[in-house]
Enquirer: 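Have a look at the structure that comes next, please.
Everything quoted here is computed from the prediction, not taken from an experiment.
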Protein chains: 2
Amino acid sequence: MNGAERGMTTGPTRDLAEDALTEEVLARFDTAPSERFRHLMQHLVGHLHAFAREMELTEAEWAAAIDFLTRVGQISSDRRQEVILLSDVLGLSMQVIGMAHPPTGGATESTVFGPFYVGGAPTYRNGDDLANGARGEPCLVAGRVRSTTGEPIPHARLEIWQADRDGLYDVQRPELSVAQGRGQLDADDAGHFWFWTVKPEFYPIPDDGPVGELLRAARRSPMRPAHIHFRVSAPGCQTVTTHVFAAGDPYLDADAVFGVKESLIAELVRHEPGTARDGTAQTAPFYTVDYDFVLPSATERSRD
Amino acid sequence: MNGAERGMTTGPTRDLAEDALTEEVLARFDTAPSERFRHLMQHLVGHLHAFAREMELTEAEWAAAIDFLTRVGQISSDRRQEVILLSDVLGLSMQVIGMAHPPTGGATESTVFGPFYVGGAPTYRNGDDLANGARGEPCLVAGRVRSTTGEPIPHARLEIWQADRDGLYDVQRPELSVAQGRGQLDADDAGHFWFWTVKPEFYPIPDDGPVGELLRAARRSPMRPAHIHFRVSAPGCQTVTTHVFAAGDPYLDADAVFGVKESLIAELVRHEPGTARDGTAQTAPFYTVDYDFVLPSATERSRD
């Protein structure tokens, strides 16, 4: 005994399957007041249903995906952002960044934001040591911030974060109560900046969570080439979120998150102990790296 | 000063953008030993990148999606499964179920599993009251479990869960330490089952989380028609996960999760106080509903 046997009429939104189901889901977004949101959701639903049907996604596979996404969210915290990491290893982050910041106008290119940014990092002054105890070889980073027309940008704000000698960010060390290898500082009146930190090293992205499982299932390398993260901003300018990569790194052509830009690679020059360019006495070997940032004005073409 | 100015050669996996970026991400899955996993991931990446590029997804929209998915995972617990709820409201769940359980062979149709199943529910016997204190009008549910060839299936296991009079499942009431409107029982030697519970009522899906935000942004109704969840299983048979819906419910044509099948609708018949069919004396008005389940054998066509 069921409805069909009882001769009931099938309503327009019952027994939905295949195309009719997709159409009904799309129609349920027709009432969204934001046209952009409606378009985004309808395209997303279209791709999601097409994916499931093309692949004849099974219930077991669906359940595995549900479990995976649940754990990706649950492992995320104020010290770890696994959803961003997932977007990064699937190349989605770089696809979005490529559209928002096409390599035009001489501005510094953008790359992945990554999962390790923390707001409200300690404030430093030019010449300070952002390492703040992080393990690694000393490295003096210096450069200038300019506009695309070549003018220096005084007092541009630089936010900096990076991994230590062991390839770990401070937020990956639960025993730490202070920021290490992380800080913000302002360029001087002529757009110059310089600070000490530790030499960045290549490292694996965090692979003890669901994204690590995904990489292992694909036999993919979790390695990233050595880099320092920068977010550079100034009034009237577009913010540039990027890295400076270490030239010669063995993983420059195998970045797990597809973020390497040729224009973002700089030499880390090794020096014997002695007086560094900023006048400080260095008792151990140290490195220097020079990199200039170029910010587009707020009115130059940008999509974001 | 940058790499391009230094005249370095661009490697094949640097400066990736647009199609070249998508191709490189796909290639990184070529090493996956499971062909099915490789195909799934490569199709997923293809759709994900196509979606982002067709919509020219902005960084702000990407960040909103990251935040949304993070919260969907984080609000999920052993009492709430928001990722399943998201799949349900996007129609993905019903699309997968439709492929795994096409309506053939006279078997009971399947519908959404939903976010409220809990394993290890209390065990009951035929005639027991699964309400266990849940608020609502008494309802006697009875039927028989058969094979697609019409044979009764003795001792078939039924798992049952449902919302109470207020539209809430037990797991949505943090003050409860016992299961209510939830249990498992076995059919008798002839496949018959009967139990008391409360009359199901229509209700909104949980809309105090991210999925609720999504529905509100789309001005979509969160309502589901009244139903009782069943998962029916027996050795040698395929398990059927389904609902029995209440005939006449105002939301049968507007289910927030697209789950209504005409064949799953049954009349809830109202009775004045008196002796019910199972011999019990009822001092208040009560309802009865009859529904038979038909399980396909394990060897009949199924995709899961």
Enquirer: Does a donor on one side chain sit under 3.5 Å from an acceptor on the other, for Thr70(B) and Gln81(A)?
Expert: yes
Enquirer: Identify which part of Phe51(B) has an atom lying under 4.5 Å from any heavy atom of chain A, answering side chain, backbone, both or neither.
Expert: both
Enquirer: Could you tell me which portion of Val244(A) (side chain, backbone, both or neither) has an atom closer than 4.5 angstrom to a non-hydrogen atom of chain B?
Expert: neither
Enquirer: How long is the straight-line distance from CG of Leu85(A) back to CD1 of Ile205(A), given to the nearest 0.5 Å?
Expert: 4.5 Å
Enquirer: Just give me the residue among Ser34(A), Gly98(A), Gly91(A) that pairs up with chain B most often, heavy atom to heavy atom, under 4.5 Å.
Expert: Gly91(A)
Enquirer: Contact part of Arg28(B) toward chain A, heavy-atom cut-off under 4.5 Å: side chain, backbone, both or neither?
Expert: both
Enquirer: For Pro296(B), does its backbone N or O pair with a side-chain atom of Thr148(B) as donor and acceptor, under 3.5 Å?
Expert: no
Enquirer: Return the orientation label for the Phe245(A) and His227(A) ring planes: parallel under 30°, perpendicular over 60°, tilted otherwise.
Expert: tilted
Enquirer: Are the side chain of Gln42(B) and the backbone N or O of Leu26(B) linked by a donor-acceptor pair below 3.5 Å?
Expert: yes
Enquirer: Checking the side chain of Asp88(B) only, and the main-chain atoms of Val257(B) only, is there a donor and an acceptor separated by less than 3.5 Å?
Expert: no
Enquirer: Select, from His39(B), Met94(B), Arg53(B), the one with the greatest count of heavy-atom pairs under 4.5 Å involving chain A.
Expert: Arg53(B)
Enquirer: With only heavy atoms counted, which part of Leu86(B) is less than 4.5 Å from chain A, the side chain, the backbone, both or neither?
Expert: neither
Enquirer: Under a 4.5 Å heavy-atom cut-off, does chain B meet the side chain of Ala63(A), its backbone, both or neither?
Expert: neither
Enquirer: Name the member of Gln74(A), Gln95(A), His43(A), Arg220(A) that forms the most heavy-atom pairs with chain B at distances under 4.5 Å.
Expert: Gln95(A)
Enquirer: So, the side chain of Thr108(A) versus the backbone of Val294(A): is there a donor-acceptor pair under 3.5 Å, distance only?
Expert: yes
Enquirer: Heavy-atom pairs under 4.5 Å with chain A - which of Met41(B), Lys261(B), Glu109(B), Glu82(B) has more of them than the others?
Expert: Lys261(B)
Enquirer: May I ask you to decide if the ring planes of Phe293(A) and Phe230(A) are parallel, tilted or perpendicular, using 30° and 60° as cut-offs?
Expert: tilted
Enquirer: Among Val45(A), Leu40(A), Leu48(A), single out the residue with the greatest number of heavy-atom pairs under 4.5 Å to chain B.
Expert: Leu40(A)
Enquirer: Which residue out of Val260(B), Ile66(B), Asp255(B), Leu69(B) racks up the most heavy-atom pairs below 4.5 Å with chain A?
Expert: Ile66(B)
Enquirer: I'd like to know if the side chain of Arg219(A) and the backbone of Thr31(B) have a donor-acceptor N/O pair within less than 3.5 Å.
Expert: no
Enquirer: Specify which of Ser76(B), Ala217(B), Ala17(B), Gly46(B) makes the most heavy-atom pairs with chain A at under 4.5 Å.
Expert: Ala217(B)
Enquirer: Please check if the side chain of Arg224(B) supplies one atom and the backbone of Gly259(B) the other of a donor-acceptor pair under 3.5 Å.
Expert: no
Enquirer: Among Asp67(B), Thr111(B), Leu214(B), which residue forms the greatest number of heavy-atom pairs with chain A at distances under 4.5 Å?
Expert: Leu214(B)
Enquirer: Taking side chain as everything from C-beta outward and backbone as N, CA, C, O, which of these in Glu54(B) sits under 4.5 Å from a heavy atom of chain A? Side chain, backbone, both or neither.
Expert: side chain
Enquirer: Relative to chain A, which segment of Val72(B) carries a heavy atom at a distance below 4.5 Å: side chain, backbone, both, or neither?
Expert: neither
Enquirer: Identify which of Arg71(B), Arg216(B), His49(B) forms the greatest number of heavy-atom pairs closer than 4.5 Å to chain A.
Expert: His49(B)
Enquirer: Please classify the contact of Ser221(B) with chain A as side chain, backbone, both or neither, using a heavy-atom distance under 4.5 Å.
Expert: neither
Enquirer: Is the side chain of Ser87(A) donor-acceptor paired with the backbone N or O of Val83(A) at a distance under 3.5 Å, no angle test?
Expert: no
